[in-house]
Amino acid sequence: MSVPVPHTAMVLAAGLGTRMRPLTDGTPKPLIEVAGKRLMDRMLDPLAAAGVKRVVVNVHYLAEQVEAHLAHRNDLEIVISDERGEVLETGGALAKARPLLGDDPIFVLNTDAFWAPESGEPLVALAEAFDPVHTDALLMVADTGRCLGFDGSGDFFLGDDHRMVRRGDATSAPWAYAGARIIRPQLYDAEPVERFSALRVWDRLIAERRLMGWPLERFWLHVGDPGALKDAEMWLRCHGA
């Protein structure tokens with residue numbers, strides 16, 4: 001049983017962007033431009049195209065710049081989750097924003113990666129694949145052999161039933177988290193508002209067999225540092241994307 005495309009999404013935009021320095025010395029990472037388009041818009045545009053109406057955005061570093069940029073978007077209702085006073089990471093951010101998220105499944109997106117060609121189709125497919133009866137979180141995962149800018153050894157193994165297992169002690173794994181997921185926000189009902197990674201929740205779901213993965217059928221670009229930014233711009237130019 002799939003769900004309709006979520007009405008609400010949360011976009012994580014509070015990071016310090018330390019690996020992107022010196023470009024982030026005066027600009028928050030979500031507003032760094034890749035081939036003339038800001039990273040944040042490369043995720044907000046697909047959300048709007050998929051039919052999302054409301055986006056919760058957390059802010060911390062250079063928050064005023066992020067808010068000013070979002071004020072120009074008239075295609076989405078933007079709600080700010082203010083984290084100026086503390087850095088909460090990917091799990092704590094959702095715990096703090098929980099009162100803003102509603103009770104229906106939501107998208108959660110990072111702002112340092114995107115797929116090409118850009119469209120809302122992967123998000124629609126993610127929603128169609130999400131089964132809330134058997135799943136609490138469905139992660140979009142990218143083939144590590146079909147991406148650019150990802151310098152890790154892979155994050156997950158994906159079973160035939162789409163259940164996820166972390167790489168653990170293995171030398172490598174074929175799938176990387178692609179920065180987008182659909183979750184039941186009730187996952188964070190009992191989580192404290194403190195600094196922690198979403199991995200804490202994912203590990204619990206793996207043990208409960210309620211974390212699933214959905215393979216992204218697009219080329220994936222991860223923009224984590226200035227070198228990856230240059231590579232992404234070159235790839236986009238070469239492919240006319």
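Separation of atoms CG (Asp112) and NZ (Lys29) is listed at 4.0 Å; rounding is to 0.5 Å. The line from CG of Asp161 to CE of Met212 is 6.0 Å long, rounded to the nearest 0.5 Å. Taking CG of Leu139 as the reference point, atom CG of Leu205 lies at 9.0 Å (rounded to 0.5 Å). A distance of 11.5 Å separates CG of Leu211 from CZ of Arg209, quoted to the nearest 0.5 Å. Interatomic distance, Phe157 CZ to Met164 CE, rounded to the nearest 0.5 Å: 11.0 Å. With values rounded to the nearest 0.5 angstrom, Asp104 atom CG is found 8.0 Å from Thr8 atom OG1.
Under the 4.5 Å side-chain criterion, counting only non-hydrogen atoms from C-beta, Leu236 is in contact with Phe114. Within the 4.5 Å cutoff, side-chain heavy atoms of Ile106 are placed close to those of Ile183. The side-chain heavy atoms of Arg84 and Glu64, taken from C-beta on, include a pair separated by under 4.5 Å. A heavy-atom distance below 4.5 Å is found between the side chains of Leu44 and Arg73. For the pair Leu12 and Met43, the minimum side-chain heavy-atom distance is 4.5 Å or more. When side chains are defined from C-beta on, His222 does not count as touching Cys147, because their heavy atoms never get closer than 4.5 Å. Two residues are said to be in side-chain contact when any heavy atoms from C-beta on lie closer than 4.5 Å; Leu221 and Arg42 fail this criterion. With a 4.5 Å cut-off on side-chain heavy atoms, Arg54 and His7 count as touching.
Open room surrounds NZ on Lys230; 12 or fewer heavy atoms of other groups in view lie less than 6.0 Å from it.
Taking a cutoff of 4.0 Å between a charged side-chain nitrogen and a carboxylate oxygen, Asp45 and Arg38 do not qualify as a salt bridge. Electrostatic pairing of Arg204 and Asp136 does not count as a salt bridge here, judged by no charged N lying under 4.0 Å from a carboxylate O. A salt bridge is absent between Arg195 and Glu86; no separation between the charged side-chain nitrogens and carboxylate oxygens falls under 4.0 Å.
Ring orientation note: the planes of Trp235 and His239 are close to parallel, at an angle under 30° on the 30°/60° scale.
Formation of a donor-acceptor pair under 3.5 Å by the Ser197 side chain with backbone atoms of Gly91 is not found in this model. Using a distance-only test at 3.5 Å, with no hydrogens or angles considered, a donor-acceptor pair links the side chain of Gln186 to the main chain of Asp103. A donor-acceptor pair under 3.5 Å is formed between the side chain of Thr24 and the backbone N or O of Gly17. Without hydrogens or angle criteria, Thr90 side chain to Ala198 main chain gives a donor-acceptor distance under 3.5 Å. Distance alone, capped at 3.5 Å, is enough to place a donor-acceptor pair between the Glu233 side chain and the Ala35 backbone.
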Could you go through the side-chain contact (heavy atoms from CB on, under 4.5 Å) check for Asn58 and Lys96 one step at a time? CA-CA 9 Å; Asn58 68 328; Lys96 178 163 187 174; over 6 Å; no
Passes side-chain contact (heavy atoms from CB on, under 4.5 Å), Leu94 versus Leu101? Steps please. CA-CA 9 Å; Leu94 282 156; Leu101 301 177; 4.0 Å; yes
The test is salt bridge (charged side-chain N to carboxylate O under 4.0 Å, His left out); show your working for Arg200 and Glu194 and say whether it passes. CA-CA 12 Å; Arg200 186 165 87 187; Glu194 64 183 19; 3.2 Å; yes
Let me see the working for Arg98 and Glu191 under salt bridge (charged side-chain N to carboxylate O under 4.0 Å, His left out), right down to the final yes or no. CA-CA 10 Å; Arg98 177 64 187 97; Glu191 294 291 343; over 6 Å; no
Please lay out, stage by stage, how Leu88 and His60 fare under the test side-chain contact (heavy atoms from CB on, under 4.5 Å). CA-CA 9 Å; Leu88 294 173; His60 174 78; over 6 Å; no
May I have the step-by-step check of salt bridge (charged side-chain N to carboxylate O under 4.0 Å, His left out) for Arg19 and Asp151, ending in yes or no? CA-CA 13 Å; Arg19 292 184 61 208; Asp151 56 5; 3.4 Å; yes
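For the pair Gly120 and Ala50, the tightest heavy-atom approach, listed with the atom from each and the gap, is O-CB, 3.8 Å. Here the shortest heavy-atom pairing between Pro6 and Pro105 reads CB-O, 3.3 Å. When all heavy atoms are compared, the tightest approach of Gly154 to Thr144 is CA-CG2, 4.0 Å. The minimum heavy-atom distance between Val223 and Ala228, with the atom names listed, is CA-CB, 4.1 Å. Between Ala137 and Leu187, the closest heavy-atom pair is CB-CD1, 4.3 Å. Nearest heavy-atom pair across Ala176 and Asp155 is CA-OD2, 3.3 Å.
None of Trp220, Phe156, Trp202 except one satisfies the ring-ring contact (aromatic ring centres under 6.0 Å, His included) rule with Tyr177; the exception is Trp202. Checking Glu118, Glu121, Met140, Arg146 one by one against Arg218, the side-chain contact (heavy atoms from CB on, under 4.5 Å) holds for a single residue, Glu121.
A chain of hydrophobic side-chain contacts below 4.5 Å, direct or via other Ile, Leu, Val, Met, Phe, Trp or Tyr residues, connects Phe130 to Leu123. Cluster membership for Met20 and Val59, using ILVMFWY side-chain heavy atoms within less than 4.5 angstrom, is shared. Following chains of ILVMFWY side-chain contacts shorter than 4.5 Å, one cannot reach Leu70 starting from Tyr61, and the two form parts of different hydrophobic clusters. Linking ILVMFWY side-chain heavy atoms closer than 4.5 Å, directly or via other members, places Leu76 and Val5 in a single hydrophobic cluster. Residues Trp115 and Trp214 share a hydrophobic cluster, clusters being chains of Ile/Leu/Val/Met/Phe/Trp/Tyr side chains in contact below 4.5 Å.
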